[in-house]
Amino acid sequence: MNYPFKKIEEKWQRKWLRKKIFQVKPQPQRKKYYLLEMFPYPSGKIHMGHVRNYSIGDVAARFKMMQGYNVLHPIGFDAFGQPAENAALKNKVHPQAWTMNCIDWMRRELKQMGFAYDWEREISTCLQEYYRWNQWIFLKMYEKGLVYKKEAVVNWCPDCETTLANEEVIDGKCWRCKNEVVQKDLEQWFIKITAYKQRLLEDLDKLKYWPERVITMQKNWLGKSEGVQIYFKLKQTQEIIPVFTTRQDTIFGATYLVLAPEHPLVKKIIKGNPQEKEVLEFIDKVSKESKILRLACGVKKEGIFTGSYAINPVNNEQIPIWVADYVLLEYGTGAIMAVPAHDQRDFLFAQEHNLPMRIVIQAPGSRIQTPNQMTEACEGPGIQVNSGQFDGLTNEQAKIKIAAWMEEVGIGKSQVYWRLRDWLISRQRYWGTPIPIVYCDRCGIVPVPEDDLPVKLPQKVKISGCGGSPLSYVDSFVRTKCPKCHSRARRETDTMATFIDSSWYFLRFCSPRFTQYPFDKQEVAYWMPVDQYIGGIEHAIMHLLYSRFFTKFLRDLGLLDFDEPFIRLLTQGMVLKDGEVMSKSRGNIVDPDPIIKKYGADTLRLYILFAAPPEVEMEWSQQNIEGAFRFLNRVWRMLTLIPKKSKSKTFNPGLEKRMHKTIKEVTRDLESFKLNTAISRIMELVNEIYQNLNTDITAAVKTVVILLAPIAPHLAEEMWLRLGHKESIFKTNWPKYEARFLEEEVITMVIQINGKLRSKIEVPVDINEDRLKEIVLADKKLKPWIQERPIKNFILVPKKLVNLVI
RNA sequence: GCCGAGGUGGCGGAAUGGCUUACGCGGCGGUCUCAAAAACCGUUGAGGGCAACCUCGUGUGGGUUCGACUCCCACCCUCGGCACCA
């Protein structure tokens, strides 16, 4: 007989909700704990990734509650976004109706899993009570000069018919639909996230409890690179060509200059040269090449001589200027100095085109004297040669000295380049937050006044799926009055990228119904920052970077008094099926719903937490879920194994010891999110109970139930009731182990000879070394190993082992 | 190329420098039963031996150590991020 999980789960889900046991308010005298999982996009049904993410979070939330913390554990829906529009097109429903319907579904499924959320705090970003604050924050940024509109070459997804942020382009493809992204000249809204780049980088050091790889990914994304901008001069006109390098120590080896094909100077310097026509053809050819192809590794670098020369400012040498496709306009100054002897790309290019090389750094121990002995560029450290007054220095010393000297004589200056670009936030979509801007013929760009917020998203709109912002066809929306001069004006018809919505939702959860500001400062002061954040690694760059930026901005506004929103971050691994990520397109989805029906939510939770450590990817296994179910039944059955008159059974000190040991280990494991081993330790205690059914097991069973409560809450709550408790198990204090129970009187010591296990002995824990030695030497099992050989060394690891060296 | 994570039984995975493989899955055997399922109990790294027991075994090769999955060096492979980044 299986335990009646269905009845139990429904009953407790109802009761918890009715008794509001997970609803919280700030209580200044109590320690708070804000536990947050990344809120879901409401796509319809929950998937195993959600189940895993929220199960991990739920264990932590319930565990912290039982430890006495005032735990904020909210949930909501990241409800704006393109899938709603696609669904609208396909199913002829309004995006709003589709989204709200999905939310209803998901809410029901989340409740079925028994997650301990404060449902009173539920938010949806597509509701105007939420998105008006997106607009409010946008206007604040506008006020501070952090929002601007400009015409720029932007990423455009022809399939989604909208612009994309740099962060949304992955390998030249749209992050959502995986189609190739093209470049387009468009006037678009940007947020100046680059104004915060230094702080975004520096404060990474404060994130001591974030996974190393997330920190690294953010560092890479920010891409700070320190070097020198060197002023080369055009020979004919003395015009300055700035060049950025991080290897100023190789400047004396610069034997030619390369401009990006799009560089504005190119057309100027070829004018009238015999090479003019050829160069123009080359530029034309490159411009037609796909960017992805051009940037691909291993493709042969192509280039052409311009016919003009530049002057190297350190030695007044005349060097040829080339144009080549391996130099990018977007990075640095769009021009490089080429040092073929010390840069591999330059080396290959120089070989191909017979350009001169000069060695200026001698690698230690290398006998290479002339460039034609080289098979590859020497990019490592060494001693400066052929470098004027810098000869003899190590190249690291030379880097510093050359930079200083250049600044002094005015031929260059120290410079820092970043990879991070401003954040393009306008989207040509309907289902998003309208950008609160008005265009007036007289006043130009006018921000909507705060009092006029929200700029509501109109209901009646035609989603055609072809071209431009759907809002631009909604006359009643577009036509408006200028807030300044009250003459006729037009509204901005682009909407905001949905990453804006999720950049501050963790603040909204603190006071979800507040109407004066995005959040109540006092409530935020109590709950924030988030103590533990849990979500997928796919958000390592975009969402987490934007959230960090928003937090810093709101701090500068004086609304917050901290500058990092998430203290601890756990990135959970993906759920795989047959070694592949579960996904709709692969058709290998396992739907949680039938699993819940067949085994119950507690079994699914237990299984998914036990299968692998939270941060590692896990493989779905039907067999193992049966195992989890079996275990819960085994736990349940213990109720019937506790005899009516347990006092008649003998007290079992061994079991009591084991119980305390388990409390200690499970507590430690839950604290560090080693959920799989926490479960295994509870299993061990259960096994121990089954081995001791002829003794009094009551206390041990009670312990199992409490320790299991965060993991299988329904089962634990029901057993707790049946064990005679009136209060919810989640109002119980987490048990404390007593150290005196963990002290052993007799221990097993391992005896090794030359590091190999040869025997084991049982000895009193407080045995002295001389006595121990006697016992060891008398051990019969050791005789054949020792024979008559003298013992050179007697190594004792107290309470563990003895190693004899012979 | 740079950065990060990892490589342990048939499988998922445990192991503050000290008994490799906890816990679970799967396999094998038993108890109960007319029988089966369920449950409960036992067993399960490989090779050798009648047996006590022995040898080998944590990606590869070295090193440090009385002793290395763990620390150091070199390399191989897998996964993830960044990248003609100047």
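From a predicted model like this one, the values you see are computed outputs, not experimental measurements. By convention in this document, chain letters (A, B, ...) are assigned in the order of the sequence lines, proteins followed by strands, and residues within each chain are numbered from 1.
Salt bridge A/D343/A/R247: absent, no basic N to carboxylate O contact under 4.0 Å.
The same atom, C1', is picked in B/G10 and in B/G45; the two are 10 Å apart, to the nearest Å. B/C76 and B/C84: their C1' atoms are spaced 28 Å apart (whole Å). Using C1' as the reference atom, B/C82 and B/A68 are 35 Å apart when rounded to the nearest Å. With both ends at atom C1', the span from B/U58 to B/G17 equals 15 Å, rounded to whole Å. Between the P atoms of B/G12 and B/G62, the separation comes to 28 Å (whole Å). Rounded to a whole angstrom, the distance from the C1' atom of B/G13 to that of B/A22 is 10 Å. Between B/G24 and B/C77, the two C1' atoms lie 28 Å apart (nearest whole Å). B/G7 and B/U70 have their P atoms separated by 11 Å, given to the nearest Å.
At B/G24, none of the side-chain N or O atoms of A/Q623 fall inside 4.0 Å of OP1 or OP2 (strictly under the cut-off). Between A/N687 and the phosphate of B/G24, there is a side-chain N or O to OP1/OP2 separation shorter than 4.0 Å.
Note: CD (A/E302) to P (B/C84) measures 17 Å, nearest angstrom.
Remark: A/A628 pairs with A/T603, A/L606, A/Y607 by the side-chain contact (heavy atoms from CB on, under 4.5 Å) rule, at least two apart or across chains.
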Using nucleotides 1-12 of chain B, report all nitrogen or oxygen pairs with the protein that are shorter than 3.5 Å.
{"residue": "B/G12", "atom": "O2'", "partner": "A/A611", "partner atom": "O", "Å": "2.5"}

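RNA chain B lies under 4.0 Å from at least one heavy atom of each of the following residues of residues 625-635 of chain A: A/G627, A/R630, A/R634.
As judged by a 4.0 angstrom heavy-atom cut-off over every strand, A/K219 is placed among residues making no nucleic acid contact. The residue A/K224 sits apart from the nucleic acid: no heavy atom pair falls under 4.0 Å. Nucleic acid contact class of A/P211 (heavy atoms, under 4.0 Å, all strands): none. Here A/N676 lies in heavy-atom contact (under 4.0 Å) with sugar-phosphate atoms only. Note on A/Q415: nothing from the nucleic acid sits closer than 4.0 angstrom, heavy atoms only.
None of A/I682, A/L685, A/T662, A/V666 except one satisfies the side-chain contact (heavy atoms from CB on, under 4.5 Å) rule with A/T703; the exception is A/L685.
Taking the syn range as angles within 90° of 0, the glycosidic angle of B/G30 is outside it, so the base is anti.
Relative to the side chain of A/L801, the nucleotides B/A86, B/C23, B/G18 differ in distance, and B/G18 lies closest. Nearest nucleotide to the A/R637 side chain, out of B/G18, B/C84, B/A39: B/A39. Each of B/U55, B/C84, B/A86 was ranked by its minimum atom distance to the side chain of A/R758; first place goes to B/U55. Proximity note for A/S225 (side chain, C-beta onward) versus B/A86, B/A14, B/C85: the nearest is B/A86.
Side-chain atoms of A/I321 and A/F232, non-hydrogen and from C-beta on, never get closer than 4.5 Å to each other. Considering only heavy atoms from C-beta on, A/T246 stays 4.5 Å or farther from A/Y417 through its side chain.
The local environment of NZ in A/K657 is crowded, with over 12 non-hydrogen atoms from other residues, nucleotides or ligands closer than 6.0 Å.
Contact between A/M48 and A/W620 at its shortest, heavy atoms only, is CE-CH2, 3.4 Å.
Ring-plane geometry between A/F629 and A/F5 is classed as perpendicular, the angle between the planes exceeding 60 degrees on a 0 to 90 degree scale with a lower cut at 30.
With A/E617 contributing its side chain and A/M574 its backbone, the two residues share no donor-acceptor pair below 3.5 Å.
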